[in-house]
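Only one structure is covered here, and it is reproduced in the block below.
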Amino acid sequence: MNNRLYGNLIFELSKEGRRGYSLPKNKFGQYEIPQQLRRQEDAKLPECDELTVVRHYTNLSQNNFGVDNGFYPLGSCTMKYNPKINEEMAALPQFQNLHPLQPERTTEGAKEAILMLEELLCKLTGLAHFTFKPFAGAHGELTGLMVIDNYHRSCGDEKRRKVVVPDSAHGTNPASAAVCGLEILEVKSTAEGLVDLVDLERLVQLEGENIAAMMMTNPNTLGLFEQQIPQIAKLIHDCGGLMYYDGANLNPMLGVCRPGDMGFDVMHINLHKTFSTPHGGGGPGSGPVGVREGLQQFFPNVSPYQGNFAVMMRALAYIVTLGRNQVKEVGPLATLNANYIKESLKDVYELPIDGLCCHEFVFDGLKDKSTGVTTMDIAKRLLDYGYHAPTIYFPLLFHESLMIEPTENESKETLDGFIDVMRRIAEEAKNDPDLVKSAPHHTPIGRVDDVLAAKHPIVTYKQMINDNN
Ligand SMILES: *Cc1c(COP(=O)(O)O)cnc(C)c1O
C-alpha cells in the first residue's frame, strides 16, 4: 500500500540533487557563523521534491490512530473527551508565547489564570491548596508522598516509613512510594474487588506506628466505587497515618462528591486525564497536588517555574466551559456508557466482578475459554475493524484482563458499533480461531513479536541498514 510507494523513511526516498524549491540568494537573514562552529562536511539530509515530502508525512500521519480517527476505549488512562476549544485557549498567543524568565509584572494574567484553576480544583476536591509543579500523575504521587514524609518528620515521627497500597492499585503507587524511600504494605481486595477491611485492620494492628500513609484510587482500578472510605480513613488516621488519594479516576466523582470530604489529606489530579489534554504516547502531563489546610508548608520544590502551563490552561477552559451544573454530568454519562457496553457484552465476555461499574470495567477474556483465543488476540483483531484496543493485561488481578472505558461524549451509535464488533470477534473466536489469533491482517504492519521488540528495539536508521545487510 501507500507505504511501499512512498517508502518507510524519508531517507529511502532521497535522490541526489532533488529539490522542492530554493529561495533566491540575498543578504537578508545571513549571519557570519564563526569558522570553528561550522560543519566540516554537509549534513546528510534527504533530498526530495516537495510533493514526495508532503505525501510521505501525510501518509505516515494516517498510519496513526487517535481519538480523531475513531473510538478509543482505553481504560485506566481515562482518555476523556478533549474539546477542541481547549486547544485554542491553550494556544492563545498571550499564553503560548510566555517565557518563564520574562519580567513578573508581564505575567500577572497568567498567574491569575493559575489561581483561578487552583480555586476551581479546591472547590471540586474539597482540599485547600494545590501546587502545579508536578509534570504527571506519578510525579504528583511522589510529590504528595514527600509532603506526607515532610509532615511526619516535622512531628519528629521518623519511623513512619510504610505505605499501605491495595493490590488493585496502579503500578505507579508502589513505585512512587519506593522512589520516596518508603516501604509498601499490600492490602488485599475482597472477592467484590474492594479494599478488604479485615486485612487492613490486621495490617494496622501489626504496623500501625510505622504507617506513613495509605494510597487509594476511587473509583478503584476495577472501576468500582470504594464504599468504606470513611471507615478506612478512620483506621489510618487513628494510627497516625495520612490518607492519599490517587486522583487519576476523579472524573466520575466530578461535582458529585469530593475526596476532601471523604477523609483524604493529600491527592494528585491528572489534569491530562480528567481535564482534557490529549496525552497519547505519554505526554504532556500535569499532576497538581492538593492538600488539606495546614499541610501546604510541606510542599517540596519538585520542578522549576510553574509546571506544565498549557495543560493547566486546557483544564481551566474545560472546567469553565462546562460550568457548575454540567460538570456533574461528566461522571454519570461516562458511567452510563461503560455500563451499557458491559451489559451488552457480558454474555460473551467473562465479567469477573458483576454489578454497577463506574467509568470503566474489566472483562477477563472470552467467556468460552475453549477457543484458545486470548485477550491479546482480541485486542489485535479490534485493530482490523478500525478500533483502538482497550487496556489489556491490567489490572493484574485477572489473567486475561481487558479494561474498557468509553468517554462521556461517545454517541450511542459509536458504542453500538463497538459492541457489534466485539460480538463479531467472539463469534470468529468460536468458528475461525486462527483468524483471530493471527490478527491484525489489515494494518500496515502485522503482529509484532512483543518480546523481540522489547528486548532488541531497532531505534536508529543506521542500525536498520546494518541489520538488513
Ligand atoms: C495514569 C495513572 C497514574 C499515573 O499517572 P501518569 O500521569 O501516567 O504518571 C496513577 N494512578 C492511576 C490510577 C492512573 O490511572
Side-chain angles (χ1 to χ4, degrees), residues 76-77 127 130-131 133-189 194-197 199-222 226 229 232-233 235-250 259 262-270 273 285-292 295 298-303 394-397:
S76 172
C77 236
L127 291 173
F130 273 86
T131 171
K133 297 213 159 201
F135 285 113
H139 198 195
E141 289 171 29
L142 176 63
T143 308
L145 289 170
M146 287 166 84
V147 168
I148 292 170
D149 199 26
N150 290 343
Y151 162 76
H152 287 310
R153 284 174 194 274
S154 81
C155 306
D157 216 354
E158 312 233 331
K159 64 179 183 314
R160 295 195 179 271
R161 312 289 318 149
K162 300 198 176 173
V163 178
V164 182
V165 178
D167 60 5
S168 66
H170 194 270
T172 51
N173 289 185
S176 303
V179 172
C180 196
L182 303 167
E183 269 178 64
I184 288 92
L185 294 171
E186 191 174 273
V187 59
K188 291 199 185 75
S189 298
L194 302 174
V195 168
D196 186 338
L197 228 64
D199 196 42
L200 183 62
E201 275 166 10
R202 178 189 64 86
L203 281 177
V204 166
Q205 244 157 39
L206 273 177
E207 297 274 3
E209 58 189 27
N210 301 320
I211 290 177
M214 172 157 182
M215 299 179 87
M216 285 188 78
T217 311
N218 197 28
N220 67 24
T221 51
L222 296 168
E226 295 279 357
I229 305 255
I232 293 170
L235 272 175
I236 297 296
H237 285 147
D238 283 354
C239 79
L242 296 183
M243 288 293 287
Y244 184 92
Y245 175 63
D246 173 339
N249 292 349
L250 180 67
M262 296 178 186
F264 288 102
D265 306 290
V266 182
M267 72 174 291
H268 79 265
I269 298 177
N270 301 58
K273 293 183 181 176
S286 171
V289 169
V291 295
R292 195 178 278 302
L295 288 176
F298 300 113
F299 278 140
N301 192 2
V302 292
S303 65
F394 179 83
L396 306 176
L397 292 175

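Every value quoted in this text rests on a predicted model; they were computed, and no experiment measured them.
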Q | Spatial distance of atom CZ (R202) from atom CG (L197) [nearest 0.5 Å] | A | 13.0 Å

Q | Contact summary for S176 and A138, nearest pair of heavy atoms | A | OG-O, 3.6 Å

Q: Under the side-chain hydrogen bond (donor to acceptor under 3.5 Å, both in side chains) rule, collect the residues that match up with E207, sequence neighbours excluded.
A: K162, N210

Q. Roughly how far apart are I236 CD1 and L242 CG, rounded to 0.5 Å?
A. 10.0 Å

Q: Of all the heavy-atom pairs spanning A169 and V165, show the shortest one and how long it is.
A: CB-CG1, 3.4 Å

**Q.** Heavy-atom side-chain contact between L127 and F264 under 4.5 Å
**A.** no

Q: Taking side-chain contact (heavy atoms from CB on, under 4.5 Å) as the test, write out the residues that go with F299, two or more places apart.
A: H129, T131, V147, V289, V291, Q296

Q: Can you see which heavy atom on V266 is nearest to which on G144, and at what distance?
A: CG1-CA, 3.7 Å

Q: Among residues two or more places apart or on two chains, list those pairs meeting salt bridge (Lys or Arg N to Asp or Glu O under 4.0 Å) that have a residue in residues 168-181.
A: none

Q | Pairs satisfying salt bridge (Lys or Arg N to Asp or Glu O under 4.0 Å), at least one member in residues 163-182, at least two apart | A | none

**Q.** Heavy-atom closest pair, residues N270 and A248
**A.** OD1-CA, 3.3 Å

Q: State whether the side chain of D196 and the backbone N or O of K188 hold a donor-acceptor pair below 3.5 Å, judged by distance alone.
A: no

Q) Taking S303 for the side chain and K133 for the main chain, is one N or O donor matched with an acceptor at less than 3.5 Å? A) yes

Q.
Testing the basics here: between I184 and A178, what is the closest heavy-atom pair and its distance to 0.1 Å?
A. CD1-N, 4.2 Å

Q. CD of E186 to CG of N173: how many Å apart, nearest 0.5 Å?
A. 11.5 Å

Q. Say you draw a straight line from CE of M214 to CG of L203; how long is it, rounded to the nearest 0.5 Å?
A. 9.0 Å

Q: Heavy atoms only: give me the nearest F298-S154 pair and the separation to one decimal.
A: CZ-OG, 3.3 Å

Q.
Just so I know, are the side chains of N218 and P259 near enough to count as touching, which here means a heavy-atom distance under 4.5 Å?
A. no

**Q.** Any residue meeting ring pair (Phe, Tyr, Trp, His ring centres under 6.0 Å) with F394, in chain and number order, not counting sequence neighbours
**A.** H170

**Q.** Pairwise side-chain contact, E141 with V179, heavy-atom cut-off 4.5 Å (strictly under)
**A.** no

Q. What pairs meet the salt bridge (Lys or Arg N to Asp or Glu O under 4.0 Å) rule with one or both residues in residues 144-155, with sequence neighbours excluded?
A. D149-R153, D149-R161, R153-E158

Q | With D157 via salt bridge (charged side-chain N to carboxylate O under 4.0 Å, His left out) - residues at least two apart | A | K159, R160

(Q) Going by side-chain contact (heavy atoms from CB on, under 4.5 Å), name the residues that satisfy it together with P219, two or more places apart in sequence or in a different chain. (A) N249, P252, M253, C358, H359

Q: State which residues pass side-chain hydrogen bond (donor to acceptor under 3.5 Å, both in side chains) with Y245; sequence neighbours excluded, sorted by chain then number.
A: none

(Q) Rounded to the nearest 0.5 Å, what separates atom CE in M146 from atom CG in L182? (A) 10.5 Å

Q: Using side-chain hydrogen bond (donor to acceptor under 3.5 Å, both in side chains) as the criterion, list what pairs up with T217, not counting sequence neighbours.
A: none

**Q.** Counterpart residues, side-chain contact (heavy atoms from CB on, under 4.5 Å), relative to C239 (two or more places apart)
**A.** V204, I211

Q: Mark yes when over 12 heavy atoms from residues, nucleotides or ligands other than E201 sit less than 6.0 Å from its CD; otherwise mark no.
A: yes

Q.
Using the side-chain hydrogen bond (donor to acceptor under 3.5 Å, both in side chains) criterion, which residues pair with N220? Sequence neighbours excluded.
A. E226

Q.
If I take atom NE2 from residue H268 and atom CZ from residue F130, how far apart are they, to the nearest 0.5 angstrom?
A. 10.5 Å

